[in-house]
Amino acid sequence: MLWNKNKSIKIITTTEELKELEAKYLAAEYIAFDTETTGLGRFDEFVGIGFALSEDEAIYIPYKIYDLASKSLKYPWTLEAIDYIDAWIEKQLTHKKRLICHNASFDCKAVDNTLCFDPIDYIYADTGLLHHTVIDEEPPHGLKNLSIKFLDESAANPQEDLKESVKVMGGIWKAADKEFYKGAYTILGRYCCYDVLYTFGLFNRFMPRVEEEQMQDLWENEVMALLPVTHELNMTGIRIDVEYFKQLKEEMESNIKNMEAIIFSEIEEHIVDYEVQAVLDKYKVSSRSSLGKYLFSRGYKGNEPELVNFRDDIIQWYKTSKNQERVMNLDSNKDKAFILFDILQLPCYENTATGGRKVTAAILKRLEEEYAESSEILKILMDRSKEKKLLTTYVVPFIEKNIDGRMYPSFNQSGTTSGRYSSNSPNFQNIPARDNRIKKGIVSDDGYVFVNADYSSLEPRSFASVSSETSIKKVYTDGLDFYSSVYLTVMGDSSLSADPEAPNYLGLVDKQLRQDTKAWALGLAYGMSEFKLAKVLNKDIEETKELKDKYFKAFPNLLKYHKTCEASIRTKGYVTSIAGRRRRAKLVPELHRRGYDPFDRKSVYRAYSKGAFNNYETNKKLMSAVGNEINNSYNFGIQSLAASVVNAAAIKVKKLIKDNDLDCRLVLQVHDELTLICKESEADKASELLREAMENNRITDKIDVKMIAQPLIAKRLSEAK
DNA sequence: AGAGCTCGCGCC
DNA sequence: AAAGGGCGCGAGCTCT
């Protein structure tokens, strides 16, 4: 409990106490704050708020208190007191750009929901983003984890106390659902005070690193500049056509039902024994269970092995049982494997890591091609899975979780190692692109339209820049096709052209060859092995080895880039993108420090066999982890650069919208795509600004390959691409 | 029941 | 012997 010494925490009970502290808090160069809320949702309010002046001194203002008798939240204040407190909080949170917060978007949202002002522009530093940027890009970035790691081994204790209190008050405390606000206000307040103290503590540890590591530009101009964008994405939400989705739900359920009927009619006669066994697994055969009672009435003596004689009785019971449902579960890979390999007698080519018989779309596809007599059922199995996944991931949650016809996906700025956003609840970044049914139901508000633009070939263009290969950059100055050009350059083939307009264009002359090139044009740059390549191209390993050699001979600067990445993780322990973002490696630098060569398999094996890395169960796992780090280092400079391009575009477009006083907000980001919603009459202007921001910004200025984006205007997301 | 895992698959 | 990268999520499954 060392860290806890000399900490001053105070639960405010009178406005006089606040009055006394006002000047002191206003005078502070930085203050940390944290809210305790009724939940994690878009419209949840805070029940209390904590402030810290330093990592030693904090206060908590209980704003509302959970009353056990009435099971509701109540103000412990007079109306005058509430006015005073509201004003006090607003003064502190909008005084200067000096606020420190852990996951600021969340707390600013709670403040806005409760007090109708949003302090996001006053955030000086977000300690979660600080950790992600200057300490370690790998999660967890949560306050509790970081506090334990960097400040106080007992940082989990205040939460343990709170947990007890919440339970005593009859509140829920589960992994994904914790009713913090039901805890006694003194305990909740103490917990909150510790959180703000920890936040300040992390700030004190992390902030100096920005300068020490010379990451000011990335920190100020990308990470913190992006925070208001993140917040706007999280606050705005997006309208959905609920009636459309209700109809789609009916349609999909009917589709699924029909597909299942066909599948079961094909296999019905073969699954009886399987289902009997499943019934026995699922329902107990005891003298008191209904299955047991039935079987005993049919003469069963209670000896397990003789159950086999009661096969028909079990079927009979099951057919008349109230619980009757299909035991064969088409969502289960185990059951799917049973259908494919036991009933249909198809060959099993591959196993899962845990020894199960692997069933994937690719395997189904291969079997479909090779076994015509089973092709119908295989196709239906695939289609059913897709339909079910879409139904349960989007359609049902859209219907059940929309708030007044809107969804509020959450965007996480520290969700990836590369600086991309991640999205969840639900994930708006993996809505099907080809099957347009989901996007069709995502609509703009009345009088507003979507303005949507994605980059043309963002990642290949980033790759072209990072590779320093003139032949690849040429693709984007001469309007060539990327894959055709890579193929022809690697093969040294000058008889064909990469120009889509030319009569001897590769994509025209040999479409398949161009298609195959997609498998390796970027893959090899990201460290793909000959082995994997042989597998995807269905070629022998010698042939793919030759291809790989040719590839790096044709692109010597790319090879140099790989060598630079390797040297960087070996000696510095990280790679850096053009935008200044870092990805740290752990194993490679450690091997190097201990005198092993991380790029020599034998040397890594020696390290393993000497017991230096016995936290890895096998040498294979160690090798795989080292290989992963190396490949990550190749990929990072490209993917992360692309991420920074989009981040810079989002920052710039938000500024342009403000400067031009448009009624327009950012609603979605999907890695190479930005979506605005704007007043219909201003859509042309917004398009112009979006294009400008995407094509010319802080990061594109640093790249010698032109970036292209073409905005589209539409009322439904499906029409905006 | 709940937590945490694997698997498979959607997007970039 | 065998490693392209970055995600989130639903469902099954296993352990508790």
Side-chain angles (χ1 to χ4, degrees), chain A residues 137 139 172-177 329-337 350-364 382 385-386 388-394 396-397 409-412 415-435 438-439 454-455 457-460 462-463 518-536 541 544-545 548 562 583 601-602 604-605 618-640 642-643 646 668-673:
Chain A
E137 62 289 339
I172 296 170
W173 192 280
K174 289 193 283 196
D177 187 9
N329 183 353
L330 296 178
D331 288 326
S332 157
N333 269 17
K334 226 171 152 183
D335 283 5
K336 275 191 260 190
E350 255 182 285
N351 287 66
T352 64
T354 46
R357 295 178 293 183
K358 203 168 185 175
V359 181
T360 65
I363 287 167
L364 289 170
M382 278 188 275
S385 296
K386 279 185 192 161
K388 185 95 193 279
K389 174 83 181 185
L390 277 192
L391 175 68
T392 52
T393 309
Y394 294 106
V396 171
S410 162
F411 287 85
N412 183 357
T416 70
T417 50
S418 61
R420 282 179 169 189
Y421 276 110
S422 67
S423 158
N424 62 43
S425 315
N427 182 353
F428 264 64
Q429 293 181 320
N430 68 345
I431 296 173
R434 267 179 61 196
D435 181 341
I438 305 299
K439 284 193 175 172
D454 62 350
Y455 279 102
S457 314
L458 177 61
E459 196 155 307
S462 304
F463 167 65
K518 285 186 176 177
W520 51 267
L522 278 169
L524 285 175
Y526 297 157
M528 183 189 244
S529 64
E530 302 100 350
F531 181 81
K532 167 90 188 260
L533 193 54
K535 213 167 112 178
V536 289
I541 196 116
T544 51
K545 234 176 209 157
K548 196 173 167 183
H562 278 195
R583 171 134 197 190
R601 284 190 359 252
K602 283 181 185 160
V604 176
Y605 178 70
T618 59
N619 178 50
K620 210 168 126 181
K621 288 198 173 170
L622 176 64
M623 293 286 266
S624 164
V626 172
N628 249 324
E629 268 190 3
I630 296 168
N631 288 349
N632 288 342
S633 79
Y634 301 151
N635 173 272
F636 179 78
I638 296 156
Q639 185 181 125
S640 182
V646 185
L668 294 177
Q669 190 268 26
V670 191
H671 309 310
D672 69 347
E673 176 183 357

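We use all heavy atoms of the structure for the numbers below, so side chains are in, but hydrogens, waters and symmetry mates are not. In what follows, chains are A, B, ... by sequence order, proteins preceding strands, each numbered from 1.
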Residues which pass salt bridge (Lys or Arg N to Asp or Glu O under 4.0 Å) with Glu459(A), listed by chain and number, not counting sequence neighbours: Arg420(A)
Sugar-phosphate only, base, or nothing, as touched by Gly356(A) at under 4.0 Å among non-hydrogen atoms: nothing
Sugar-phosphate only, base, or nothing, as touched by Ser385(A) at under 4.0 Å among non-hydrogen atoms: nothing
Nearest-angstrom distance from the residue atom NE2 of His671(A) to P of dC7(C): 10 Å
Contacts of Asp335(A) that satisfy salt bridge (Lys or Arg N to Asp or Glu O under 4.0 Å) - sequence neighbours left out: none
Sugar-phosphate only, base, or nothing, as touched by Asn631(A) at under 4.0 Å among non-hydrogen atoms: base
Sugar-phosphate, base or nothing in reach of Ala353(A), heavy atoms under 4.0 Å: sugar-phosphate
Min side-chain heavy-atom separation Asn635(A)-Asn632(A) under 4.5 Å: no
Sugar-phosphate, base or nothing in reach of Arg357(A), heavy atoms under 4.0 Å: nothing
Below 4.0 Å: OP1/OP2 of dG6(C) and any side-chain N or O of Arg583(A): yes
Euclidean distance, atom CG of residue Asn635(A) to atom P of dC12(B) [Å, nearest integer]: 17 Å
Sugar-phosphate, base or nothing in reach of Val359(A), heavy atoms under 4.0 Å: sugar-phosphate
Nearest-Å distance for atom pair CZ/P, residues Phe428(A) and dC12(B): 15 Å
Under 3.5 Å: donor-acceptor pair, side chain of Asn412(A), backbone of Ser423(A): no
Aromatic ring pairing Tyr634(A)/His562(A), orientation class (parallel under 30°, perpendicular over 60°, tilted between): parallel
Any donor-acceptor N/O pair, Ser418(A) side chain to Ser640(A) backbone, under 3.5 Å: no
Any side-chain heavy-atom pair of Gln669(A) and His671(A) under 4.5 Å: yes
Presence of Thr352(A) side-chain N/O under 4.0 Å of dC7(B) phosphate oxygens OP1/OP2: yes
Sugar-phosphate, base or nothing in reach of Leu533(A), heavy atoms under 4.0 Å: nothing
Ser422(A) side chain near dG8(C) phosphate (N/O to OP1/OP2, under 4.0 Å): yes
Residue-phosphate contact under 4.0 Å: Thr417(A) side-chain N/O, dC7(C) OP1/OP2: yes
Phe531(A) CZ - dA3(C) C1' separation (whole Å): 11 Å
Listed nucleotide nearest any side-chain atom of Ala361(A), set dG6(C), dC9(B), dG5(C): dC9(B)
Separation of the C1' atoms in dC9(B) and dA1(C), to the nearest angstrom: 28 Å
B/S/- contact track for nucleotides 9-16 of chain C, protein heavy atom under 4.0 Å: BSSSS---
Touch class at under 4.0 angstrom, heavy-atom based, for Ala625(A) against every strand present: nothing
Rounded interatomic separation in angstrom, taking CD1 from Ile638(A) and C1' from dG6(C): 13 Å
Minimum-distance nucleotide to Lys532(A) side chain [options: dA3(B), dG10(B), dG4(C)]: dG4(C)
Residue pair Tyr394(A) / Asn430(A), side-chain heavy-atom distance below 4.5 Å: yes
Verdict with reasoning, Val536(A) to Trp520(A), per side-chain contact (heavy atoms from CB on, under 4.5 Å): CA-CA 9 Å; Val536(A) 289; Trp520(A) 51 267; over 6 Å; no
Residue Met528(A), side-chain atoms from C-beta onward, closest of dC7(C), dC12(B), dG4(C): dG4(C)
Euclidean distance, atom CD of residue Glu530(A) to atom C1' of dA1(C) [Å, nearest integer]: 12 Å
d(CZ, Phe463(A); P, dG6(C)) in whole Å: 17 Å
Separation of dG5(C) P from Tyr634(A) OH (nearest whole Å): 12 Å
